[in-house]
Amino acid sequence: MSQQHNSEFNIPGHVQLNEGENRFPNVVLTNKHGAAEVYLHGAQVTEFRLNAHAEPILWMSPEAVFAEATAIRGGVPICWPWFGPHPTDDTQSMHGFARTSDWTVLETAVDDDRVNVTFALHSDESTLAVWPHEFELRFTVSLSDRLSMRLDVQNKSADPVTMSGALHTYFNVSQIQNATIDLGGPAEYLDKVDDMSRKTGSEPVVFDQEVDRIYFPPGNNAKVRDTGFDRTINVTSEGSRSTVVWNPWIDKSRSLGNFPDDGYKTMLCVEAANAADDVRTLQPGEKHTLGQTISLS
Ligand code: TA6
């Protein structure tokens, strides 16, 4: 667990480092529009709220565990350097090691009403043991009247490196049957619940069964419409041509760790990704940014 509590990063009224759940350090960003919370464990966003909207925007599992080597269930886990199973070693954890690593705060800043916090993670002997490539990561979270986040990856090794990833965002919905997703038009997808078969989806995405799909949408904007909360959550991605949509539904909810049996009723995931057809290869020294901006209307 990070021991970083440098008050040098605090900005009164805007940035505050704290001890959060199970004494894990987190950073709270605050401005006139709302607030966000990011744990140094995984550089994981765990909360985003806007004063103008009563209901939380992100879903957090009531059974989330804050412990070493454990992914926090909910918010925005950073899946990197692989999305899903390890490409060659199925003994490795799902979705890579970024979300279970201890990041450090690199810098904090306020510019007008935009509050920025940047976290850093670099390769070390523990990461090289499972992924033998040097890297530098930066994760910047920006709170304005929306929440932006960007994962900047640099290949610091002497060889080309292929990686996949996702910003695995859990959204809070009133009831799953009230929620639909508009991906900007019919889109091809890989259906994980049907042997990754390639299909073409109709619009909008509805949830009446387990949904676990990697979409290749026509644009970079997804709209989560929720008639129960009478709101639309807009997710605009950057550096991504694949969007993962997931709801575990009844059976999988029962088998998932740190996830309540009825959790599927009030959550869904829309994930800006580099997955499947959209994995990325970085040349030595090359950088890639995977980002998303979450706003409400
Ligand atoms: O993004 C969807 C998914 O790949 C599902 O297949 C499910 O495994 C989910 O991620 C959660 O994975 P996790 O390792 O966080 O339990």
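Quick caveat, the model's predicted, so the values are computed rather than measured. Counting convention: from 1, in listed order, for ligands and their atoms alike.
Atoms of ligand 1 found under 4.0 Å from any heavy atom of Arg99, numbered from 1 in the order shown, are 13 (P), 14 (O), 15 (O). Of all atoms in ligand 1, listed by their number and element, those nearer than 4.0 Å to a heavy atom of Arg73 are 11 (C), 13 (P), 15 (O), 16 (O).
Distances from ligand 1 to the non-hydrogen atoms of Phe83 include at least one value under 4.0 Å.
When only non-hydrogen protein atoms are considered, atom 12 (O) of ligand 1 lies nearest to His95 NE2, 3.4 Å. Among protein heavy atoms, the minimum distance from atom 5 (C) of ligand 1 is reached at Asp212 OD2, 3.2 Å. Looking from atom 8 (O) of ligand 1 to the surrounding protein, the closest heavy atom is Met94 CE, 3.6 Å.
Between Trp59 and Tyr170, the angle of the ring planes stays under 30°, which puts this pair in the parallel group of the 30/60° scheme.
Taking a 6.0 Å sphere around CG of Asp195, one finds it holds 12 or fewer heavy atoms contributed by other residues, nucleotides or ligands. Around atom NE2 of His122, no more than 12 heavy atoms belonging to other residues, nucleotides or ligands sit under 6.0 Å away. A 6.0 Å sphere centred on NZ of Lys287 holds no more than 12 heavy atoms belonging to other residues, nucleotides or ligands.
By the criterion of a heavy-atom distance under 4.0 Å, neither the backbone nor the side chain of Arg213 is placed next to ligand 1.
Under 3.5 Å, the side chains of Glu37 and Thr46 contain a donor-acceptor pair of N or O atoms.
No option in Leu106, Leu29, Ile11 other than Leu29 meets the side chain to side chain contact (heavy atoms under 4.5 Å, CB included) test with Val117.
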